[in-house]
Amino acid sequence: LSTDHIKLLKRKYGTFFEEELMQEIIDESTYKFIKKDHIILDIGDQVAFMPLVLNGSIKIMREDQEHHELLLYYLEYGDTCAMTLNCCMRAAKSPIRAITEKDTEFLTIPVSKMEQWMVKYASWRSYVFDSYNIRLNEMLEAIDSMAFMNMEERLLKYLHDKAFTNKTTELKVTHQEIALDLHTSRVVVSRLLKKMEHEQKIVLKRNMILLPDISQLSM
């Protein structure tokens with residue numbers, strides 16, 4: 001790892017990871033830079049590493065038998081993926097697809113180190129269990145939105161989540177991309193976006209959506 005990457009790692013994790021663990025992460029991990037919209041882990045892949053996000057964001061997707069995708073949650077700076085953790089511990093194949101939401105930097109932690117650190121470091125155990133809890137809650141939110149929200153509510157939540165993740169209210173996204181993420185049709189998305197624009201909840205531009213009301217985003 002470069003000096004800058006080590007500084008970034010320590011700034012995020014240095015307050016709750018032991019110094020010895022930090023040094024092991026530095027020694028054992030590999031730095032990766034992946035451009036936007038690139039698949040870094042696909043469904044059925046053997047999981048060889050656990051990611052620690054340093055910068056950028058990754059969206060985690062599931063796929064049904066007809067190959068329709070559903071967005072589960074985002075990974076951001078300081079996050080890791082509970083589904084990946086689970087596969088690492090069981091030497092299982094990936095049930096999810098991980099796609100970079102924007103240009104992303106992360107460290108890869110070898111599977112071989114996962115169980116060792118769980119036994120050796122209390123801070124690592126806490127980090128893993130906290131990550132499980134956070135990701136589980138996010139997956140429950142995704143299930144709740146499908147079960148209890150109508151499509152307009154799901155769409156508005158999706159835009160707010162995307163704005164929060166990308167730290168911007170100017171979302172460069174097409175109607176088709178939204179439809180794929182929400183497991184619906186482009187026609188439905190376009191109709192609802194037009195309705196939301198008429199209600200002054202958003203502003204539509206070419207391949208861009210502006211959110212004028214950011215009061216709920218906690219930017």
Side-chain angles (χ1 to χ4, degrees), residues 5 8-9 12-13 29-45 47 49-64 67-87 94-109 131-132 134-143 145-146 154-184 186 189 192-193 202-211 214 216-219:
H5 300 147
L8 187 58
L9 175 68
K12 182 61 183 179
Y13 299 98
S29 65
T30 301
Y31 169 81
K32 298 284 186 181
F33 173 81
I34 306 295
K35 298 287 287 183
K36 177 183 177 181
D37 295 329
H38 185 83
I39 296 175
I40 61 176
L41 181 68
D42 210 348
I43 296 168
D45 287 352
V47 179
F49 64 86
M50 188 201 79
L52 286 180
V53 179
L54 296 178
N55 193 27
S57 63
I58 301 169
K59 60 182 178 180
I60 305 301
M61 315 287 292
R62 280 282 285 165
E63 189 178 82
D64 66 17
H67 304 294
H68 297 137
E69 290 182 323
L70 176 66
L71 175 65
L72 294 180
Y73 52 79
Y74 292 99
L75 300 180
E76 300 176 82
Y77 176 30
D79 287 342
T80 193
C81 179
M83 302 293 283
T84 304
L85 287 168
N86 185 50
C87 292
S94 172
I96 55 92
R97 178 173 294 123
I99 307 172
T100 48
E101 173 76 3
K102 55 185 176 181
D103 293 355
T104 301
E105 300 173 274
F106 60 94
L107 302 181
T108 62
I109 305 298
S131 295
Y132 270 126
I134 292 168
R135 300 288 89 82
L136 176 60
N137 287 335
E138 289 176 336
M139 284 190 285
L140 289 175
E141 284 186 11
I143 294 170
S145 70
M146 290 190 66
R154 287 180 61 201
L155 177 54
L156 190 58
K157 181 181 183 300
Y158 169 89
L159 296 175
H160 282 182
D161 288 347
K162 197 173 187 70
F164 182 81
T165 298
N166 289 281
K167 303 298 185 290
T168 179
T169 55
E170 298 182 359
L171 303 179
K172 296 180 180 179
V173 61
T174 66
H175 296 190
Q176 182 61 37
E177 289 169 343
I178 296 172
L180 290 173
D181 283 349
L182 292 180
H183 201 163
T184 187
R186 183 190 60 79
V189 168
L192 289 175
L193 288 174
I202 62 171
V203 176
L204 296 178
K205 302 288 185 181
R206 181 174 177 80
N207 292 336
M208 181 179 289
I209 300 171
L210 308 181
L211 295 177
I214 62 172
Q216 302 179 46
L217 297 183
S218 301
M219 301 289 285

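Below, all heavy atoms of this structure are taken into account, side chains as well, without hydrogens, waters or symmetry copies.
Nearest approach of S94 to L41, heavy atoms of both residues: OG-CD2, 3.5 Å. The shortest non-hydrogen separation linking L171 to L159 is CD1-O, 3.6 Å. Scanning all heavy atoms of the two residues, the minimum distance from K102 to T165 falls at NZ-O, 3.8 Å. Contact record, V53 with Y13: O-OH, 3.9 Å, taken as the closest heavy-atom pair. Nearest heavy atom pair, residue K59 against residue L71, reads CB-CD1, 3.7 Å. Residues F106 and I34 come closest through the heavy atom pair CE2-CG1, 3.5 Å.
E76 pairs by the side chain to side chain donor-acceptor pair (under 3.5 Å) definition with K167, not counting sequence neighbours. In this view, N137 satisfies the side chain to side chain donor-acceptor pair (under 3.5 Å) rule with no residue, not counting sequence neighbours. Remark: T174 pairs with Q176, E177, N207 by the side-chain contact (heavy atoms from CB on, under 4.5 Å) rule, at least two apart or across chains. With sequence neighbours excluded, the residues forming a side chain to side chain donor-acceptor pair (under 3.5 Å) with K157 are D161, listed by chain and number. With sequence neighbours excluded, no residue forms a ring pair (Phe, Tyr, Trp, His ring centres under 6.0 Å) with H175. The side-chain contact (heavy atoms from CB on, under 4.5 Å) check on D37 picks up nothing, with sequence neighbours excluded.
For the atom pair CZ of R154 and CG of L182, the computed distance is 5.5 Å after rounding to the nearest 0.5 Å. Between atom CD of residue E105 and atom CG of residue N55 there is a gap of 5.0 Å, rounded to the nearest 0.5 Å. In this structure, K36 NZ and S57 OG are separated by 9.5 Å, a value rounded to the nearest 0.5 Å. Atom CD1 of residue I58 and atom CD1 of residue I39 lie 12.5 Å apart, to the nearest 0.5 angstrom. Residue S29 holds its OG atom at 7.5 Å from CG of L52, rounded to the nearest 0.5 Å. I202 CD1 to L210 CG: the interatomic distance, rounded to the nearest 0.5 Å, is 9.0 Å.
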- Task: Could you please spell out the steps behind the side chain to side chain contact (heavy atoms under 4.5 Å, CB included) verdict for L107 and T30?
- Result: CA-CA 5 Å; L107 302 181; T30 301; over 6 Å; no
- Tell me, with the steps shown, if K12 and L54 meet side chain to side chain contact (heavy atoms under 4.5 Å, CB included). CA-CA 8 Å; K12 182 61 183 179; L54 296 178; 6.0 Å; no
- Audit row: E63, R97, salt bridge (Lys or Arg N to Asp or Glu O under 4.0 Å) steps and yes/no: CA-CA 8 Å; E63 189 178 82; R97 178 173 294 123; 3.1 Å; yes
- Test K35 against D103 for salt bridge (Lys or Arg N to Asp or Glu O under 4.0 Å), laying out the working first. CA-CA 4 Å; K35 298 287 287 183; D103 293 355; 3.4 Å; yes
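T108 places no side-chain N or O within 3.5 Å of a backbone atom of F49 that could act as its donor or acceptor partner.
Within the 4.5 Å cutoff, side-chain heavy atoms of V173 are placed close to those of K162. Under the 4.5 Å side-chain criterion, counting only non-hydrogen atoms from C-beta, E170 is in contact with M208. I60 has its side chain out of reach of Y74: every pair of non-hydrogen atoms, C-beta onward, lies at least 4.5 Å apart. Side-chain contact between L72 and M61 is absent, with no heavy-atom pair separated by less than 4.5 Å.
Among L180, D181, T184, the one residue that satisfies the side-chain contact (heavy atoms from CB on, under 4.5 Å) test with V189 is T184.
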